[in-house]
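Index from 1, following the sequence. Whatever order the structure lists ligands and atoms in, that order sets their numbers, starting from 1.
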Amino acid sequence: MLVVMKKNATSEQIEAAVGAIEQKGFTARPIPGGERVAICILHNKGPVDASFFMQLPAVKEVIAVTRPFKLVSRESRAHDTVVEVGDVLIGNGHLTVMAGPCAIESESGALAIAALVKERGARIFRGGAFKPRTSPYSFQGLGEEGLKILAKVRAETGMPVVSEAIDHEVFDLVEQYVDIVQIGARNMQNFSLLRRAGKSRKPVLLKRGMAATIEEWLMAAEYIMEGGNDKVILCERGVRTFANHSRNTLDLSAIPVVRQESHLPVIVDPSHAAGFRDQVVPLARAAVAVGCHGLIVEVHNEPEKALSDGAQSLYPDQFADLCGQIAAISNLTRASMH
Ligand code: PEP
Ligand code: MN
């Protein structure tokens with residue numbers, strides 16, 4: 001249920017409405033909109049009697065939210081959310097490119113790749129410090145040392161950095177160092193991790209689980225927003241299918257559906273979708289054409305020596321081509337490279 005306040009409602013009237021809703025035992029969550037404030041009613045068990053809220057001062061209307069995801073839903077916020085990360089904007093009319101290696105492997109390597117991707121069009125640097133690997137014998141990431149290198153990359157290049165918190169145990173540490181905390185595909189329904197992300201003040205990049213429906217993905221985002229963090233960036237990264245010509249199958253149709261269902265920005269990771277570098281550029285072009293708000297791409301200066309995901313990491317020159325191509329496509333879709 002959404003209690004929509006009149007355009008000229010005062011902050012006292014909004015507070016009074018919040019108080020009246022909470023008096024009934026519900027949670028009231030004001031959502032500032034372009035023109036008016038709406039108050040989303042959460043934690044109601046069963047239908048709520050609209051007439052009670054209609055008679056509160058400065059209430060314009062009461063609308064039912066039909067979707068199970070409330071705060072995430074387009075119904076509760078008509079305008080696209082823009083997530084600000086320093087001076088970089090993600091969402092509504094912007095096309096934001098994040099790039100870097102799968103894992104941080106060394107300081108010199110990370111700084112070299114960061115300089116290369118920045119020069120070619122990246123605005124945010126990616127790199128895993130804690131890696132969720134299928135095999136316990138594979139490189140697991142440098143841990144805190146990797147986070148320190150990410151902080152150095154930010155200091156030297158000015159680019160904000162994104163890295164994954166693979167579990168509850170490392171969340172605090174990752175949060176201290178990075179500008180965006182990533183929740184990986186394998187953790188999309190790790191509800192205690194989602195609740196922890198909801199308490200964070202940092203933006204959260206929420207990857208779609210490899211077997212998750214769009215509704216499950218948006219419900220995962222709802223956990224974060226319900227916890228109080230509205231800076232959520234969704235990321236489609238391919239789902240598992242019977243195909244073996246690619247690592248996963250990029251679900252391009254998810255982008256227009258998510259944009260219709262939610263106000264949150266949605267970006268695409270063509271690297272983990274593809275698994276092979278030659279597929280990454282065409283998939284990235286397609287992702288921009290269907291209207292994503294940005295990309296997160298793996299790039300390495302020496303992919304054949306990469307400690308993880310070398311086969312899907314672009315050479316810097318391929319990444320430069322990709323940035324040029326998507327700039328042209330985004331002119332047509334009217335998103336400005338940001
Ligand atoms: C990653 O981006 O480093 C990663 C592991 O991705 P995903 O969770 O999508 O597999
Ligand atoms: Mn990877």
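Among protein heavy atoms, the minimum distance from atom 8 (O) of ligand 1 is reached at Ala185 N, 2.8 Å. Given atom 6 (O) of ligand 1, the protein heavy atom at minimum distance is Lys207 NZ, 3.0 Å.
For a threshold of 3.5 Å applied to N or O pairs, the pair formed by Pro132 and ligand 1 contains no separation below that value. For ligand 1, the polar-atom distance check finds no N/O of Glu164 at less than 3.5 Å from any of the ligand's N/O atoms.
The neighbour count for Glu304 CD, taken as heavy atoms of other residues, nucleotides or ligands under 6.0 Å away, is above 12.
Each of the following atoms of ligand 1 lies closer than 4.0 Å to a heavy atom of Arg126: 1 (C), 2 (O), 3 (O). Atoms of ligand 1 lying under 4.0 Å from any heavy atom of Arg237, numbered from 1 in the order shown and given with element: 7 (P), 9 (O), 10 (O). Distances below 4.0 Å separate heavy atoms of Gly184 from the following atoms of ligand 1: 8 (O).
Side-chain N/O atoms of Gln312 and Asp309 include a donor and acceptor closer than 3.5 Å. Side-chain atoms of Glu75 and Thr66 include a donor-acceptor pair closer than 3.5 Å. For the residue pair His245 and Gln279, no side-chain donor N or O sits within less than 3.5 Å of a side-chain acceptor on the partner. Residues Arg77 and Thr81 bring a donor and an acceptor atom of their side chains to less than 3.5 Å of each other.
Rounding to 10 degrees gives 90° for the angle at the Mn ion (ligand 2) between SG of Cys102 and OE2 of Glu298.
The atom of His272 nearest to the Mn ion (ligand 2) is NE2, with the search restricted to N, O or S atoms. The N, O or S atom of Asp309 with the smallest distance to the Mn ion (ligand 2) is OD2.
Within the structure, the closest approach of Gln182 to ligand 1 falls below 4.0 Å when heavy atoms are considered.
Cation-pi geometry between Lys131 and Phe139 is not satisfied (NZ or CZ under 6.0 Å from the ring centre, within 45° of the ring normal).
With Val72 as the partner, the side chain to side chain contact (heavy atoms under 4.5 Å, CB included) test is satisfied by one option alone out of Asp230, Val258, Ile224, Leu218: Leu218.
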Q: Take Lys148 and Tyr177, measure what side chain to side chain contact (heavy atoms under 4.5 Å, CB included) needs, and give me the verdict at the end.
A: CA-CA 7 Å; Lys148 287 184 176 153; Tyr177 283 95; 3.3 Å; yes
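For atom 4 (C) of ligand 1, the candidate residues are Met188, His272, Glu298; the nearest heavy-atom contact is made by His272.
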